[in-house]
**Student:** 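First the structure, which I've put down as structure tokens, then a few questions once you've had a look.
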Amino acid sequence: MVSVNLGLVHYVLDHIYGTVLHRTKLGTPFFSKGWGGTKLDLLERMVKQLFPEARCQNWPPTAVQPIWKTVWETKSSCLREGVFRTTCDPQLIDALPPESHNARVAFLTPKSVSLEKMACVIHLAGTGDHSFERRLRLGGPLLKDNIATMVLESPYYGQRRPSMQHGSKLQCVSDLLLLGKATIDEARSLLYWLQNEAGYGKMGICGLSMGGVHAAMVGSLHPTPIATLPFLAPHSAVVPFCDGLYRHATAWDALRNDAATLTQDATSLTEDATQKSGITIEQVKDRLRSVLSLTDVTRFPVPKNPQAVIFVGATDDGYIPKHSIMELQKAWPGSEVRWVTGGHVSSFFLHNNAFRKAIVDALDRL
């Protein structure tokens, strides 16, 4: 009988998926238009403002009043979709593509349940999650536990995707920071709306992969205890883009050429001019690592109630190594790490029940 190491199979499947999706030349790579110029400088300054000396420095956030429409309604539940103007700083709104100026949200709620008995969790998008559907499927079964689900569509995704962007491949490095900062601002405004307008007491924030990084940041910055649930999430965007599979899908030459233009007065840049600038690919990688270090969650404050923080990692994740998740727990003493058997991609499909149980358990700790 031949024994099969299932962990290795899941790990290899992640790499096969990553190879097909990221290493082939069939699609556009990440950051094909470079760094983002002055937008990147602006983002670096504004992201640094996420580390306030006083936790409540940036609270309350900009208020939102979503315009709602009912999608469907049954005797036991209701799904609505809402639209509101992004709550970013005006400078960031100018930097965002016009398609991303209006935020979209889906809101799935149980009926005939008093608010005192209900909780609500906001679900943030992972890389490539352009619709509400997957996250609504994750949250739908939680209705029986009187947990509502709110799903935020990220900037640059879904109906907010710029017309010139191919799929999920952001065109500039600044777009990644803009996506993150806008998502954080919008999620914080929605939490404020849930508490002060909708009347929810218990609240939470969760996300898969990239959405888990953003969820951790939002939970960290919230002035009161909320359930915080990063699923399959690294401690920093450095992990996938500089050390992981996304490094094979990054336009390193475009980043080098763009960096070289900053040291040249020429209006056009040839390969020879790039060489003369002295900028190497290794220097470009170091620069990207420095920029993306701004997304390091371990630099963020410990949440108000770290016992209500549950990280869920995959034992054989080809995208996110175990040590990255353990760095998060180390930075937030009192938080919990749970492991599901499988890889990054397979866990998206096989372990929804584990994610749901973590949500229920974290809310119970509030």
**Student:** Parallel, tilted or perpendicular: which one describes the rings of Tyr246 and Tyr319, with boundaries at 30° and 60°?
**Tutor:** perpendicular

**Student:** Going through the checks in order, is the side chain to side chain contact (heavy atoms under 4.5 Å, CB included) test met by Tyr157 and Leu152?
**Tutor:** CA-CA 10 Å; Tyr157 278 21; Leu152 175 64; over 6 Å; no

**Student:** To the nearest 0.5 Å, tell me how far Gln165 CD sits from Ser100 OG.
**Tutor:** 8.0 Å

**Student:** If you round to the nearest 0.5 Å, how far is CZ of Phe300 from OG1 of Thr295?
**Tutor:** 8.0 Å

**Student:** Could you walk me through whether Thr87 and Thr62 pass the side-chain hydrogen bond (donor to acceptor under 3.5 Å, both in side chains) check?
**Tutor:** CA-CA 6 Å; Thr87 54; Thr62 303; 5.5 Å; no

**Student:** If you measure from the Lys or Arg side-chain nitrogens to the Asp or Glu carboxylate oxygens, is any gap between Asp185 and Arg188 under 4.0 Å?
**Tutor:** no

**Student:** To the nearest 0.5 angstrom, please state how far the CG atom of Leu292 sits from the OG atom of Ser236.
**Tutor:** 6.5 Å

**Student:** Let me confirm one number: the CG-CD1 distance from Leu232 to Ile325, rounded to the nearest 0.5 Å.
**Tutor:** 7.0 Å

**Student:** Quick one: are Val312 and Val337 in side-chain contact, heavy atoms under 4.5 Å?
**Tutor:** no

**Student:** Does the distance from a Lys or Arg side-chain N to an Asp or Glu carboxylate O, for Arg104 and Glu81, drop under 4.0 Å?
**Tutor:** yes

**Student:** If the threshold is 4.0 Å, N to carboxylate O, is there a salt bridge linking Arg80 and Glu73?
**Tutor:** no

**Student:** Mark yes or no for whether His214, through its side chain, and Leu124, through its backbone, hold a donor-acceptor pair below 3.5 Å.
**Tutor:** no

**Student:** Assign the ring pair Trp68 / Trp193 to parallel, tilted or perpendicular, where the plane angle (0 to 90°) is split at 30° and 60°.
**Tutor:** tilted

**Student:** So, for His351 and Phe355, is the gap between ring centers shorter than 6.0 Å?
**Tutor:** no

**Student:** Would you check, one step at a time, whether the test side chain to side chain contact (heavy atoms under 4.5 Å, CB included) holds for Ile226 with Lys202?
**Tutor:** CA-CA 7 Å; Ile226 62 172; Lys202 286 187 177 183; over 6 Å; no

**Student:** For residues Leu288 and Val284, determine if any side-chain heavy atom of one lies less than 4.5 Å from a side-chain heavy atom of the other.
**Tutor:** no

**Student:** To check you understand the geometry: which heavy-atom pair defines the closest contact between Val121 and Ile205, and what is its length?
**Tutor:** CG1-N, 4.1 Å

**Student:** How about Leu255 and Lys285: do any of their side-chain heavy atoms sit closer than 4.5 Å?
**Tutor:** no

**Student:** Count the heavy atoms belonging to other residues, nucleotides or ligands that lie under 6.0 Å from NZ of Lys111, then report whether that count exceeds 12.
**Tutor:** yes

**Student:** Any salt bridge linking Arg356 with Asp361? Criterion: basic side-chain nitrogen under 4.0 Å from a carboxylate oxygen.
**Tutor:** no

**Student:** With a 4.5 Å heavy-atom cut-off, do Leu108 and Leu143 have their side chains touching?
**Tutor:** yes

**Student:** Assess the residue pair His222 and Met203 against the criterion (side chain to side chain contact (heavy atoms under 4.5 Å, CB included)); give the C-alpha distance rounded to whole Å, side-chain angles, the decisive distance to 0.1 Å, and a yes or no.
**Tutor:** CA-CA 11 Å; His222 200 73; Met203 299 180 298; 4.1 Å; yes

**Student:** Just wondering, do Phe311 and Phe231 contact through their side chains at under 4.5 Å, heavy atoms?
**Tutor:** no

**Student:** What I want to find out is whether Asp243 reaches Arg289 closely enough, with some N-O distance under 4.0 Å, to be called a salt bridge.
**Tutor:** yes

**Student:** Verify whether the ring centers belonging to Phe31 and Trp252 lie closer than 6.0 Å.
**Tutor:** no

**Student:** Checking Thr315 side chain against Gly342 main chain: does a donor-acceptor pair fall under 3.5 Å?
**Tutor:** yes

**Student:** Measure from the side-chain N and O atoms of Ser347 to the backbone N and O of Gly343, and report whether any donor-acceptor pair falls under 3.5 Å.
**Tutor:** yes

**Student:** Looking at Glu336 and Arg365, is any side-chain nitrogen of the basic one under 4.0 Å from a carboxylate oxygen of the acidic one?
**Tutor:** yes

**Student:** Report yes if the side chains of Cys78 and Trp72 come closer than 4.5 Å at any heavy-atom pair, otherwise no.
**Tutor:** no

**Student:** Check whether any side-chain heavy atom of Thr149 sits under 4.5 Å from a side-chain heavy atom of Arg135, and report yes or no.
**Tutor:** no

**Student:** Identify the heavy atoms of Ala95 and Tyr156 that sit nearest to each other, and give their distance.
**Tutor:** O-OH, 4.5 Å

**Student:** Treat each ILVMFWY residue as a node, draw an edge where side-chain heavy atoms are under 4.5 Å apart, and state whether Ile320 and Phe349 are in one component.
**Tutor:** yes

**Student:** Would you say Arg160's side chain and Asn102's backbone share a donor-acceptor pair under 3.5 angstrom?
**Tutor:** yes

**Student:** For residues Ala251 and Ser32, report the shortest heavy-atom separation together with the two atoms involved.
**Tutor:** CB-CA, 3.8 Å

**Student:** Measure the spacing between CD1 of Ile184 and SG of Cys88 and express it to the nearest 0.5 Å.
**Tutor:** 10.0 Å

**Student:** Using a strict threshold of under 4.0 Å (side-chain N to carboxylate O), is an ion pair present between Lys322 and Asp317?
**Tutor:** no

